[in-house]
Amino acid sequence: MRFRPSFQIKLFTYLVVLFMALFSIVGIYYYQDIQRQLYEDMGIRAKVQADEIALIPSLINAVENKDISAINRLMKNISAHSDASYMVIGDGKAMHLFHSIYADRLGTTLVGGDNEEVLTGKSTTTIRLGGAGLSLRSKAPIRNAENQVIGIVSVGYLTSHINSLTLEKVISILLGAATLLLALFTFSWFFSRSIKKQMFSLEPREIGLLVRQQKALMESIYEGVIAIDDQFRVAVINQAAKKLLNLNTPSRELRGRPLSQVIAPVSFFNPQVMLEKDIHDEICLFNNLTVIASRVRIMLEEQLQGWVITFRDCSDIDRLSIQLSQVQRYADNLRIMRHEQLNWTATLAGLLHMGRYDEAIRYIEAQSENAQEILDFVSARFCSPRLCGLLLGKYARAREKGVVLEFDPACEISLLPAALSETELMSVIGNLLDNAIEATLLRGSEAGPVEVYIVCSKNELVIEVADQGVGITQERREEIFSMGVTSKPDGDHGLGLHLVASYVSHAGGNVEVSDNSPTGAVFSVFIPNGTGVPGNTAAYLQPEKTKVSR
């Protein structure tokens, strides 16, 4: 398996190579610049010394008289106090009169090829190969009182000496640079280690894989998910959330936006509440969509990093609750019918055991006539077998509880309405009947029957359920269709009327609540018998009736 260095090692190596390359470039530049400046400074220094020496009167007289001893005494004193590599005095024919290094060259010719120009009266500064070696030298003419050139003064600095000075300066700079480079190496190591720690010791390829996995996971979640940072800005949003909120903006453009620009402000996003606690399964209104939302804080090392908000359409939960409620009603109806059948069978068995055959026959005929009458009516008036089963079950349940369920002779559904599914229609009728039976039981034995009127014409489906129970006050009519609101003391209630209002409003209809005479309430449902156009979500009241339309 091929070895792959870790991210920390690679980052440290890259930083070290970068710093060394930068220092190398800067070092070469400074070396050349220092060398250039030294050559310029040494050239100026040599020229100044040569010009000043050429103006010394005693030297002029000694050169003019070729007094070698006088020249030696004067120049040895001068050269001893100078930093020049060498000093040379020549006569008008470019012959050595003095050499500070090689005394045996007296009488020999000055070499370098730059003497003719000086003998014409010009000062020069050149780099030439002389008797002492390659050097930077400056030559000045020596003039007598008549301004004639009678000799040459040469002051030179060996290039090896200049290079050694340059190297000394560069070494001092390099020592400081090495110290700085060591500090940078140390910084690079701790910096790379800090970066690796912040990445939870993961490699970049591993982080990339996690990001792709997170994206795939977010998009596979059916619920809407939005992650926000501690400044209430969107960090992550999945496609389900965008679909539920009806957002067409690309996800990358939504990142960084304030949450208030994505979801209209509601109390669910109150900053103070968000900081205090998490919330699960709260019903909210996100951009005119009723949702069930949860909010969880993201904590890292006891520091708040943000929140994760999950939500889904409340209608999905409603449909699930309806299905569960419907199954429970079916089970209750079967239990009631079974219990009634057992009682009927036990009574018949007792009569036969006692030998009272005539009474047993009359009992069978009475029970059969009553059951057959309601069975014939329901099966003849309603085209849906499932709806027939529901109505018969409700009839048996009401009778078991001592409540009379009366069907209007005009009841008839020959064709199921297009605006409601069969399951939704059964839920609406079943919940209204349950509510009426419960209201009747609250009033006691004084209550009259529950009257049912169900008609589906070509234009409209009408469902009316009237009870003579305790009734509903005008103030209560404003809230009975809200989820969780109930007048029952215990049990799993507060969902039925909410589901009724939800289904009716989605079908484009409305629900009206009015007073019954002499007491009780009448629930009236009106649904257009067409394709069904959903109404608005606002519930509104009338003076004598409560109309719910969403």
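Side-chain atoms are counted along with the backbone in the values below, which use heavy atoms only and exclude waters and symmetry mates.
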Chemist: Taking C-beta and beyond as the side chain, do V465 and L433 meet within less than 4.5 Å on heavy atoms?
Modeler: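 V465 reaches L433 side chain to side chain.
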Chemist: Is it the case that the side chain of N287 and the backbone of A264 share a donor-acceptor pair, with hydrogens and angles ignored and the cut-off at 3.5 Å?
Modeler: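 Present.
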Chemist: Using the rule side chain to side chain contact (heavy atoms under 4.5 Å, CB included), only one of L254, I263, V308, V236 pairs with I226; which is it?
Modeler: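 Exactly one option meets the side chain to side chain contact (heavy atoms under 4.5 Å, CB included) with I226, and it is I263.
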Chemist: Got a second to check how far L392's CG is from C388's SG, nearest 0.5 Å?
Modeler: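 Interatomic distance, L392 CG to C388 SG, rounded to 0.5 Å: 6.5 Å.
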Chemist: Is any side-chain heavy atom of V500 closer than 4.5 Å to a side-chain heavy atom of N435?
Modeler: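 Result no, sub-4.5 Å side-chain heavy-atom pair not found.
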Chemist: First locate atom CE of M426, then atom CG of L387, and finally report the distance between them rounded to the nearest 0.5 Å.
Modeler: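 If we round to the nearest 0.5 Å, M426:CE and L387:CG are 6.5 Å apart.
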Chemist: Once the angle between the rings of F407 and F377 is folded into 0 to 90°, is it parallel (under 30°), tilted (30 to 60°) or perpendicular (over 60°)?
Modeler: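 Answer is tilted, since the angle falls between 30° and 60°.
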Chemist: What residues, two or more places apart in sequence or in another chain, satisfy side-chain hydrogen bond (donor to acceptor under 3.5 Å, both in side chains) together with Q468?
Modeler: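 Testing Q468 for side-chain hydrogen bond (donor to acceptor under 3.5 Å, both in side chains), a comparison that skips the adjacent residues, returns none.
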Chemist: List for me each residue that meets side-chain hydrogen bond (donor to acceptor under 3.5 Å, both in side chains) alongside E422, sequence neighbours excluded, and say none if there are none.
Modeler: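 So E422 forms a side-chain hydrogen bond (donor to acceptor under 3.5 Å, both in side chains) with S384.
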Chemist: Using 0.5 Å steps for rounding, measure from the CZ atom of F311 to the CZ atom of R295.
Modeler: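 These two atoms lie 14.0 Å from each other.
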Chemist: Is there a donor-acceptor pair under 3.5 Å between the side chain of S502 and the backbone N or O of H498?
Modeler: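 Looks like no, no N/O pair under 3.5 Å.
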Chemist: So, S524 side chain and V511 main chain: donor-acceptor pair closer than 3.5 Å or not?
Modeler: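 Looks like no, no N/O pair under 3.5 Å.
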Chemist: Under 3.5 Å, is there a donor-acceptor pair between the side chain of R381 and the main chain of P409?
Modeler: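 Present.
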Chemist: Can a donor-acceptor pair be found, under 3.5 Å and without considering hydrogens, that links the side chain of N529 to the backbone of S457?
Modeler: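 Confirmed, N529 side chain pairs with S457 backbone.
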Chemist: Please report, to 0.1 Å, the donor-acceptor pairs under 3.5 Å made by any side chain of residues 273-284, with sequence neighbours excluded.
Modeler:
| from | atom 1 | to | atom 2 | distance (Å) |
| --- | --- | --- | --- | --- |
| D278 | OD1 | R297 | N | 2.9 |
| D278 | OD1 | R297 | NE | 3.0 |

Chemist: Using atom types as modelled and distance alone, determine if a side-chain donor or acceptor of Q261 lies under 3.5 Å from a backbone N or O of P258.
Modeler: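 Not a single qualifying donor-acceptor pair exists.
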Chemist: Once you round to the nearest 0.5 Å, how far does CD1 of I413 lie from SG of C383?
Modeler: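 If we round to the nearest 0.5 Å, I413:CD1 and C383:SG are 7.0 Å apart.
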Chemist: If you round to the nearest 0.5 Å, how far is CE of M299 from CD of Q305?
Modeler: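 That separation rounds to 8.0 Å.
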Chemist: So, T440 side chain and A436 main chain: donor-acceptor pair closer than 3.5 Å or not?
Modeler: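 Yes: the side chain of T440 pairs with the backbone of A436.
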Chemist: Would a distance-only check, ignoring hydrogens and angles, find a side-chain to backbone donor-acceptor pair under 3.5 Å from K394 to D434?
Modeler: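 No; judged by distance alone, with no hydrogens or angles, the pair does not exist.
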